[in-house]
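Beneath this line is the structure, given in structure tokens, with notes to follow.
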Amino acid sequence: MYTQALDAPDPDALRAPPADASQLQQRFDARIDAGDFIEAKDWMPEHYRKTLVRQISQHAHSEIVGMLPEGNWISRAPTLKRKAILLAKVQDEGGHGLYLYAAAETLGTSRDQMIDALHSGKAKYSSIFNYPTLTWADVGTIGWLVDGAAIMNQVPLCRCSYAPYARAMIRICREESFHQRQGFESLLTMMQHGTDAQRAMVQDAVDRWWWPSIMMFGPPDDQSPNSAQSMRWGIKRISNDELRQKFIDATVDQAKVLGVTLPDPDLKWNEERGHHDHGTIDWDEFKRVLAGDGPCNRERLAARVKAWDEGAWVREAALAHAAKHAAGADA
Ligand code: BYC
């Protein structure tokens with residue numbers, strides 16, 4: 001069981017005005033500058049707390065919404081081995097959601113509040129999960145590209161200044177590496193031992209997932225309203241553009257090993273920069289997906305709300321059991 005939430009601060013202490021706000025602020029800034037980790041019970045500025053709740057809860061929502069596109073293929077996996085791997089991966093994602101909700105709870109926000117924000121459309125989740133999984137090759141491609149992008153973004157979060165988030169990220173990143181490798185291996189099998197139709201299926205999946213994957217890193221740095229402050233606070237350690245570039249550079253060589261083409265005619269090595277140049281990203285599409293108008297936004301949210309409603313009896317039973325236990329009735 002993941003028990004970070006037991007560190008949750010006293011709600012009264014959260015509401016109480018600090019004795020000497022400027023002194024507390026100075027001490028907090030000095031700790032951030034020294035690269036110290038902040039724990040749940042430490043004083044922190046309200047904006048720092050809110051930024052973390054926003055990012056961590058959105059990250060948690062992404063994990064549990066992210067179970068849906070792949071979950072769609074559990075019953076149709078081509079072999080028992082692939083089914084077992086996919087089941088384990090989707091289960092891991094549920095676990096990541098739990099670690100992250102627990103980390104966000106240490107900031108004084110409740111699970112119900114976070115779930116409510118997701119269901120009412122107030123909270124975001126990653127744009128990537130609003131695209132459909134049309135064929136089996138989409139499952140491998142999600143592992144390779146989506147988990148690959150996730151690792152690139154999430155490894156620096158293991159050094160996030162907020163310790164409960166950093167601790168959750170260490171566990172998550174270990175599992176994400178396995179996810180990425182299984183996706184790559186699944187695609188490699190189809191590319192090397194599959195039929196022409198299977199190879200074409202892989203290429204088609206890569207064509208559809210490439211651009212949404214590089215949008216996962218968020219808007220360009222000069223249009224990212226949260227980046228500067230989050231970097232100052234050590235929540236984000238590397239900027240959106242820099243991470244996107246690292247991901248593109250790493251993925252080009254992997255695509256060559258697989259034998260697939262990345263769908264960007266402008267993608268080429270720039271000797272002077274020591275990086276790959278790439279074509280223009282369709283930020284209008286990104287904004288449309290964020291505004292709720294991607295191919296699967298409505299379907300994803302409806303699936304989450306349905307799962308929540310249908311799970312009400314489990315929550316009620318668990319609460320009733322806990323109440324009985326507290327009253328010593330089952331002793
Ligand atoms: N999708 O100022 P910015 C996974 C929002 S799960 C949706 O740059 P920030 C996996 C952003 O929230 C992958 N929204 O923001 C699971 C902000 O809106 P608000 C999820 C996006 O926070 C299952 C606005 O745009 N990973 O890996 O500094 C299976 C302006 O952006 C996106 C995480 O959540 C997007 N792509 O930086 C497989 C990692 N991009 O909140 C895999 C943790 C931006 O102001 N999160 N927005 O209304 C982060 O690292 C950062 O929050 C982001 C954005 C880099 C995503």
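In listed order, ligands and their atoms are each counted from 1.
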How close does the nearest protein non-hydrogen atom get to [atom], and which residue and atom is it?
| atom | value |
| --- | --- |
| atom 6 (S) of ligand 1 | Ser62 CB, 3.5 Å |
| atom 54 (C) of ligand 1 | Lys236 NZ, 4.2 Å |
| atom 22 (O) of ligand 1 | Arg54 NH1, 3.0 Å |
| atom 39 (C) of ligand 1 | Asn153 OD1, 3.1 Å |
| atom 30 (C) of ligand 1 | Pro225 CD, 3.7 Å |
| atom 29 (C) of ligand 1 | Glu93 OE2, 3.0 Å |

Would Phe37 and Tyr162 count as a ring-ring contact (aromatic ring centres under 6.0 Å, His included) here? Give the steps. CA-CA 6 Å; Phe37 285 104; Tyr162 187 58; 9.8 Å; no

Give the intermediate values and the outcome of ring-ring contact (aromatic ring centres under 6.0 Å, His included) for residues Trp233 and His47. CA-CA 10 Å; Trp233 276 329; His47 188 190; 5.0 Å; yes

[atom]: which of [options] has the nearest heavy atom?
| atom | options | result |
| --- | --- | --- |
| atom 4 (C) of ligand 1 | Gln154, Met215, His179, His96 | Gln154 |
| atom 19 (P) of ligand 1 | Lys124, Gln223, His59 | Lys124 |
| atom 45 (O) of ligand 1 | Asn226, Leu100, Asn130, Ile128 | Asn226 |
| atom 31 (O) of ligand 1 | Gly218, Pro219, Ser127, Ser227 | Pro219 |

Please confirm whether Arg315 makes a cation-pi placement over Trp308, using NZ or CZ under 6.0 Å from the six-membered ring centre and within 45° of the ring normal. yes

Centre of Phe129's six-membered ring, under 6.0 Å away, within 45 degrees of the axis: is that where NZ or CZ of Arg300 sits? no

Measure the spacing between CG of Asp221 and CG of Asp241 and express it to the nearest 0.5 Å. 3.5 Å

Ligand-residue contact atoms, ligand 1 with Met216, heavy atoms, under 4.0 Å: 36 (N)

Using a strict 4.0 Å threshold on nitrogen-to-oxygen distance, state whether Arg27 and Asp36 make a salt bridge. no

Going by distance alone, is a donor N or O of one side chain under 3.5 Å from an acceptor N or O of the other, for Tyr101 and His61? yes

